[in-house]
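Because the structure is a prediction, the values reported are computed rather than measured. In what follows, chains are A, B, ... by sequence order, proteins preceding strands, each numbered from 1.
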2 protein chains.
Amino acid sequence: MANLTSHIHCQNCSMAALCLPYQLDQEGMNRLDTIIQRHKPLHKRDVLVNAGAPLKYLYAVRSGSLKSYTIDDNGVEQIIDFHLPGDLVGFDALAEGQHRSYSQALETTMLCEVPIVSLDELVIEMPSLRKQMMRLMSSEIFSSKQLLGTLNNRSAHQRLAHFLVTLSDRFKARGLSSTSFRLTMTRADIGNYLGLSVETISRILSALQGEGVIDVQNKLVNIIEPARLRELAH
Amino acid sequence: MANLTSHIHCQNCSMAALCLPYQLDQEGMNRLDTIIQRHKPLHKRDVLVNAGAPLKYLYAVRSGSLKSYTIDDNGVEQIIDFHLPGDLVGFDALAEGQHRSYSQALETTMLCEVPIVSLDELVIEMPSLRKQMMRLMSSEIFSSKQLLGTLNNRSAHQRLAHFLVTLSDRFKARGLSSTSFRLTMTRADIGNYLGLSVETISRILSALQGEGVIDVQNKLVNIIEPARLRELAH
DNA sequence: CGATTGCTTGAGCGAGGTCAAGGTCAGTGG
DNA sequence: CCACTGACCTTGACCTCGCTCAAGCAATCG
């Protein structure tokens with residue numbers, strides 16, 4: 001039994017509302033808790049899952065962050081997602097029963113590990129858990145399609161502004177500051193994700209700082225004019 | 001009871017393997033059949049679902065095709081998907097219980113209509129149906145994230161080549177010709193989807209024809225050198 | 001404390017967007 | 001059946017945004 005310390009229980013987890021336990025009653029949470037295991041902490045650059053590996057667990061991010069990426073035919077990394085606390089990692093693996101992307105920690109990261117077989121059983125008996133699974137997957141479908149459209153037809157400035165706004169919103173949903181946060185990914189990661197070069201990312205961050213919209217100190221971002229930034233994202 | 005004519009049964013549907021009935025036994029298919037209704041045929045430009053409308057049905061495309069799109073803050077249409085026979089429309093609505101995008105027929109289109117409430121009930125009792133739902137959603141998550149990455153870092157030529165290859169593969173999976181098909185969407189639709197201008201789409205199609213890779217006559221596409229086209233997509 | 005990785009800034013260039021004009025096709029009504 | 005109309009497509013000319021190449025600086029890590 002891995003759940004010996006209190007801080008690993010869903011009840012006490014500040015991410016519960018974004019994660020699997022959403023709208024579960026006390027008993028439901030307890031049942032979920034019994035199958036959830038703690039994963040050993042990842043260090044920066046540790047790889048959580050490899051593409052092609054059989055799907056054994058779904059992972060929930062407790063703290064820290066990860067990037068998911070594929071390696072294309074030319075051996076080039078292609079980042080498809082950044083995961084923050086409360087996010088689940090592994091949905092893309094459900095179809096084939098094996099992971100289709102790599103997931104790597106961007107910093108020290110704590111995870112909950114949910115065995116797929118146990119989850120499958122629980123899902124049968126708990127309609128609200130099933131509903132939340134569907135909800136999370138459906139959201140992911142919409143947001144990635146939305147993003148696709150959004151990025152496709154937008155300038156570099158708009159893309160980066162959009163990226164920052166989205167991050168800001170996600171931090172807010174997690175009870176963290178929406179105006180002041182750390183970029184745990186590198187400029188190259190952002191560029192890769194947004195389809196822009198490192199140089200462009202750097203230049204635009206400088207430009208946004210010059211305009212007084214944000215303040216950037218290395219990894220630290222301060223959004224000075226959130227409304228203005230949101231406008232720039234359109 | 002809408003299932004009076006034989007051709008609307010899942011058993012006889014050539015798209016069954018791509019659709020909800022996949023890996024269902026005889027009894028499972030029968031049960032699914034009892035809840036599935038036939039939707040009246042859509043004509044070109046008919047709108048099937050509006051963004052914001054409550055989710056009542058999941059739709060399966062029997063024949064024809066649709067595009068799904070959102071309208072952004074500037075009132076601009078942003079195409080996020082094209083649906084071919086066997087595809088399901090409405091997954092993005094499961095999260096919120098209401099549709100998040102518009103879906104419009106690109107040509108005369110026949111649909112099966114699956115009431116969500118009945119589907120929910122069936123899913124509880126039929127593990128393989130649940131599995132297939134998850135599989136379809138998971139695939140959609142992966143493919144849209146994959147596409148995001150793919151398009152982002154690729155040239156206009158590569159994007160369009162990729163688009164044609166993907167269409168070709170999808171037609172093949174549906175038992176149709178992978179080398180000769182009709183583009184039911186306009187050049188503007190393709191451009192919107194790929195983040196390119198109409199002019200660029202037109203120019204590149206002409207260029208590909210000039211190189212002898214494909215032959216284009218209006219909406220009709222003939223892929224002359226599939227391998228070469230696939231190379232160009234990388 | 002050096003070495004490596006990550007970030008910034010500048011200069012030049014090319015892919016793809018915009019604007020413009022003309023051509024083609026499908027649907028409609030006479 | 002044909003003429004008309006509006007939507008759709010193609011091609012050309014020009015210009016701009018963002019990429020590439022290059023060089024130097026800053027931060028992090030062993």
Scan nucleotides 26-30 of chain D against the protein and return all N/O pairs shorter than 3.5 Å with their distances rounded to 0.1 Å.
none

- [ ] Enumerate the residue pairs fulfilling side chain to side chain donor-acceptor pair (under 3.5 Å) with a member in residues 75-90 of chain B, sequence neighbours excluded, ordered by first and then second residue.
- [x] A:K145-B:D81, B:K67-B:E77, B:S68-B:H83, B:D87-B:R170, B:D87-B:R174
Task: Whole-Å distance separating the CD1 atom of B:I190 from the P atom of C:dG16 - done: 16 Å
TODO: Give one of base, sugar-phosphate or nothing for A:T186, where a contact means two heavy atoms less than 4.0 Å apart.
DONE: sugar-phosphate
Open item on the list: Check this for me: does any side-chain nitrogen of one of B:D46 and B:K40 sit under 4.0 Å from a carboxylate oxygen of the other?
Closed with: no
TODO: Give a yes/no answer on whether the side chain of B:R187 brings an N or O atom under 4.0 Å of OP1 or OP2 in D:dT10.
DONE: yes
- [ ] Test for a donor-acceptor pair under 3.5 Å between the base of D:dG18 and the side chain of A:R159, counting only N and O atoms.
- [x] no
Task: Sequence-distant partners of A:T179, side chain to side chain donor-acceptor pair (under 3.5 Å), two or more places apart - done: A:S177
Just distance, no hydrogens or angles: give the donor-acceptor pairs under 3.5 Å from side chains in residues 49-60 of chain B, sequence neighbours left out.
none

- [ ] Check if the side chain of A:R203 and the base of C:dG10 share a donor-acceptor pair of N or O atoms closer than 3.5 Å.
- [x] yes
Open item on the list: Is the shortest side-chain heavy-atom distance between B:L208 and B:L232 below 4.5 Å?
Closed with: yes
Task: First encountered from the 5' end of DNA chain D, between A:I204 and B:S206 - done: B:S206
- [ ] Could you identify which residues of residues 191-200 of chain A place a heavy atom less than 4.0 Å from some atom of DNA chain D, listed by residue number, or say none?
- [x] A:G195, A:L196, A:S197, A:E199, A:T200
Task: Non-neighbouring partners of B:T108 that pass side chain to side chain contact (heavy atoms under 4.5 Å, CB included), sequence neighbours left out - done: none
TODO: Using atom CG of B:L151 as one end and atom C1' of C:dG16 as the other, report the distance to the nearest whole Å.
DONE: 15 Å
TODO: Say whether B:S101 and B:D92, considering side chains only, have a donor N or O and an acceptor N or O under 3.5 Å apart.
DONE: yes
Task: A:E107 with A:R182: basic N within carboxylate O range, under 4.0 Å - done: yes
